[in-house]
Amino acid sequence: MTPTLAEFAFGLPKAELHLHLEGTLEPDLKFALAERNGIVLAEKSVEEVKATYDFTDLTSFLAVYYPAMEVLQTAEDFHDLAWAYLLRAQAQGVVHAEMFFDPQAHTSRGVPFDNVITGYRRAAVRAQDELGITAELILCFLRDFSAEYAMATLMDALRYRAWIIGVGLDSDERDNPPGKFAAVFARAKAEGFFLTMHCDIDQAGSIDNIRAVVEQIGVDRIDHGTNIVEDPSLVALAKERGLGFTTCPVSNSFVTEQMKSTEIVSLLRDGVRVTINSDDPAYFGAYVGDNYVALAEQAELSLTDLVQFAINSFEASWLTPAQRAAYVARVQEYAAAHGVALPV
Ligand code: ADE
Ligand code: ZN
């Protein structure tokens, strides 16, 4: 019997490659952590918290996102946040997660780097042991802070080198182009980290920034980056290099007026390694399986298209070739078991 779209999408084994751990802070956990840490919140109910989720663009989202982090203080808090995400992710078919974290959003308010990373790492190890999910951490620098602060954060991170698979760049892209962090990313590459950077949707100079991350920084992956469709020669280069694109349809519909389904599907049809992810699911109300369903409904995708997105998620991951192949085989078996044709 053919499964429904949601059944198929949720059960499909998939990797999540664009997920901010701080963006998984659900209001009920926020209240629990506030109480544990003796913090009095301005909002008194889940409804009041949700009423503040009034985003029209990236800047208005970030203005709500950073202050909410005040409840995160101890290693236990960071563990509990990541663990809650991993449980929700498992329920939506995630078997591998490469998760962003923003140490500077915490060190800049006096919380030690060690609290952040030891808590997150404990949840990642526990996910492997108890859920069978492989989970890795990607350290993101906040691009609206200085390059010097990013470099100092990278130096701190070297003490935990084995716990961090790669580095990324997030926060407000406006007036903070990739070149500002060229030396930091060159040093990270020399230390053996994989590289990715956000190229947010419809930013001033989007296409120039995408060209810089490909040609100047030499990233392994691009987060969002769908404005690349404006330059077919860059799309061809991204395809030739096998660059992954971590798109986030529901997030796009909050920070712009659309999911950018036309752009995402155009990359899929062009054979680019484009993937579907959730970004900040507690704020945008959609985890990764929900994003698969939302995009499929909006763009009238086939189940075979969803299989291609899942295969792309492993091929764009930073797993070893053998791990990637094993996960891709799991996707293919899942499709076959549901009578869904494999992509050609
Ligand atoms: N931080 C959390 N989510 C982000 C996004 N989508 N873009 C930039 N910075 C972010
Ligand atoms: Zn993001």
Side-chain angles (χ1 to χ4, degrees), residues 15-26 30 52-53 55-69 72 78 81-82 85 89 97-109 116 120 136-145 150 153 166-178 180-181 195-206 209-210 213 219-227 244-260 263-264 274-288 290-291 313 316:
E16 171 131 78
L17 305 178
H18 187 152
L19 177 280
H20 300 265
L21 281 168
E22 289 84 0
T24 69
L25 181 59
E26 292 283 351
K30 186 177 178 191
T52 66
Y53 293 2
F55 322 124
T56 49
D57 55 16
L58 180 60
T59 310
S60 57
F61 161 67
L62 294 173
V64 174
Y65 176 69
Y66 289 118
M69 295 181 201
L72 294 163
F78 291 99
L81 177 65
Y85 159 69
E98 295 177 7
M99 312 176 293
F100 296 135
F101 71 112
D102 285 342
Q104 292 166 289
H106 313 298
T107 56
S108 62
R109 59 189 175 86
V116 183
Y120 283 155
E136 299 286 353
L137 294 170
I138 301 174
L139 184 161
C140 281
F141 304 108
L142 297 190
R143 67 199 306 161
D144 33 14
F145 285 137
T153 301
V167 299
L169 186 68
D170 64 4
S171 206
D172 206 338
E173 187 168 330
R174 195 178 32 179
D175 300 328
N176 297 298
K180 174 176 168 187
F181 297 94
L195 308 183
T196 188
M197 281 188 171
H198 275 59
C199 291
D200 269 292
I201 310 291
D202 295 345
Q203 297 286 304
S206 266
N209 287 352
I210 293 171
V213 307
V219 290
D220 302 289
R221 213 153 68 197
I222 297 180
D223 301 311
H224 300 297
T226 49
N227 288 82
F245 285 75
T246 66
T247 73
C248 307
V250 176
S251 163
N252 295 347
S253 69
F254 276 86
V255 297
T256 74
E257 274 162 8
Q258 330 154 20
M259 282 189 209
K260 301 292 177 186
E263 291 80 350
I264 296 170
V274 59
T275 66
I276 302 178
N277 308 272
S278 68
D279 207 5
D280 300 288
Y283 291 91
F284 304 136
Y287 284 77
V288 64
D290 305 310
N291 273 270
S313 75

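Numbering of ligands and ligand atoms starts at 1, following listing order. The shown structure was predicted, so the numbers you read here are calculated from the model rather than taken from an experiment.
- Not one N or O of S251 is nearer than 3.5 Å to an N or O of ligand 1, by distance alone.
- Defined by atom type and a distance below 3.5 Å, a donor-acceptor pair is present between the side-chain atoms of H20 and D279.
- Checking side-chain atoms of S278 against main-chain N and O of D280 turns up no donor-acceptor pair under 3.5 Å.
- For the Zn ion (ligand 2), the set of nearby N, O or S atoms under 2.8 Å includes one belonging to H18.
- Of the candidates H18, R143, H20, the one placing a heavy atom closest to atom 1 (N) of ligand 1 is H20.
- Shown in contact with Y65 at under 4.0 Å from a heavy atom are these atoms of ligand 1, numbered in order with element: 1 (N), 2 (C).
- If you check which protein heavy atom lies closest to atom 3 (N) of ligand 1, you get D280 OD2, 2.7 Å.
- For atom 9 (N) of ligand 1, the closest non-hydrogen atom on the protein side is S171 N, 2.8 Å.
- In the vicinity of H224, heavy-atom distances shorter than 4.0 Å reach the ligand 1 atoms 6 (N).
- Side-chain atoms of T246 and D223 include a donor-acceptor pair closer than 3.5 Å.
- Atom OH in Y65 sits 7.5 Å away from atom OH in Y283 (nearest 0.5 Å).
- Taking the six-membered ring where tryptophan is involved, the planes of H198 and F100 are tilted, since the angle between them lies from 30° to 60°.
- In this structure, the side chain of E136 does not engage the main chain of E98 through any donor-acceptor pair within 3.5 Å.
- With a 4.0 Å cut-off on non-hydrogen atoms, D223 does not touch ligand 1 at all.
- At a cut-off of 3.5 Å, with distance as the only test, a side-chain donor of D202 or N227 sits close to an acceptor on the other residue.
- Between the side chains of Q203 and N209, no donor N or O sits under 3.5 Å from an acceptor N or O.
- Contact atoms of ligand 1 toward H198: 5 (C), 7 (N), 8 (C) (distance under 4.0 Å to a heavy atom of the residue).
- Nearest N, O or S atom of H198 to the Zn ion (ligand 2): atom NE2.
- Short contacts between ligand 1 and L58, defined as distances under 4.0 Å to a heavy atom of the residue, involve ligand atoms 5 (C), 7 (N), 8 (C).
- Across the listed options D170, T59, L169, D200, D200 owns the non-hydrogen atom lying nearest to atom 7 (N) of ligand 1.
- Here the angle at the Zn ion (ligand 2) defined by OD1 in D279 and NE2 in H20 stands at 90°, rounded to 10 degrees.
- Side chain of T247 to main chain of I276: no donor-acceptor pair is present (N/O by atom type, distance under 3.5 Å, no hydrogens or angles).
- For atom 6 (N) of ligand 1, the closest non-hydrogen atom on the protein side is D279 OD2, 2.8 Å.
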